[in-house]
Amino acid sequence: FANHIRSGDYLDRRYDSALPDRAPLPRPDLRMMQRPIGPVAVFGASNFPLAFSTAGGDTAAALAAGCPVVVKGHSAHPGTGEIVAQAVAAAVEKCGLHKGVFSLIQGGKRDVGTALVQHPLIKAVGFTGSLGGGRALFDLC
């Protein structure tokens, strides 16, 4: 992800020159650049807590795209989630990022996840898990 960010490829910049003589209508100058969308909720997986959970691919991808992340830790491994979150917080501080760019919330009940997904500031949800869990999140969205 770091190389992807440094190269600027995540911006997917595109530039199409104007075609004033195009038929049936001229085309104006077109420029496109991807931008972060806002806070992303990430749901930690029950298995592989280091690969798919607190600092897994969904979290890394959202951060790499410039989006803040709120991770909903999985109740199967709250201690591991806290330890990994502390490591992420240390990296955020060392890199001079705003401390609000990453947070972890815990809670085994569904109302915590429901409140997170339906919060008006959350713009996307990352989830790796079961079809039932994914369907429940889809329905909430």
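Throughout, numbering of the chain's residues begins at 1 and tracks the sequence.
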Any side-chain to backbone donor/acceptor pair from [X] onto [Y]? Under 3.5 Å, distance only.
{"X": "R27", "Y": "S17", "result": "yes"}
{"X": "K72", "Y": "G107", "result": "yes"}
{"X": "H74", "Y": "N47", "result": "no"}

Any chance you could measure [X], atom [atom1], to [Y], atom [atom2], to the nearest 0.5 Å?
{"X": "L97", "Y": "F102", "atom1": "CG", "atom2": "CZ", "value": "12.5 Å"}
{"X": "I83", "Y": "H77", "atom1": "CD1", "atom2": "NE2", "value": "12.0 Å"}
{"X": "F138", "Y": "L131", "atom1": "CZ", "atom2": "CG", "value": "11.5 Å"}
{"X": "I122", "Y": "I37", "atom1": "CD1", "atom2": "CD1", "value": "9.5 Å"}

Run the numbers on S53 and V84 for side-chain contact (heavy atoms from CB on, under 4.5 Å), then give the verdict. CA-CA 9 Å; S53 205; V84 173; over 6 Å; no

Are [X] and [Y] connected, step by step, through hydrophobic side chains (Ile, Leu, Val, Met, Phe, Trp, Tyr) whose heavy atoms are closer than 4.5 Å?
{"X": "V69", "Y": "F43", "value": "no"}
{"X": "L104", "Y": "V112", "value": "no"}
{"X": "V88", "Y": "V70", "value": "no"}

With respect to L116, which candidate in V125, L140, L137, I105 satisfies the side-chain contact (heavy atoms from CB on, under 4.5 Å) definition?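 Exactly one pass, corresponding to I105.
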
Can you confirm whether more than 12 heavy atoms, excluding those of R22, are under 6.0 Å from its CZ atom? yes

With a 6.0 Å cut-off (strictly less than), is the heavy-atom count around CD of Q118, excluding the residue itself, greater than 12?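 More than 12 heavy atoms, drawn from other residues, nucleotides or ligands, come within 6.0 Å of this atom.
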
Any salt bridge between R14 and D16, counting N to O under 4.0 Å? no

Which heavy-atom pair separates [X] from [Y] by the least distance, and what is that distance?
{"X": "A85", "Y": "T54", "result": "N-CG2, 3.9 Å"}
{"X": "S130", "Y": "G133", "result": "OG-N, 2.9 Å"}
{"X": "G66", "Y": "P36", "result": "O-CB, 3.4 Å"}
{"X": "P20", "Y": "P26", "result": "O-CB, 3.4 Å"}

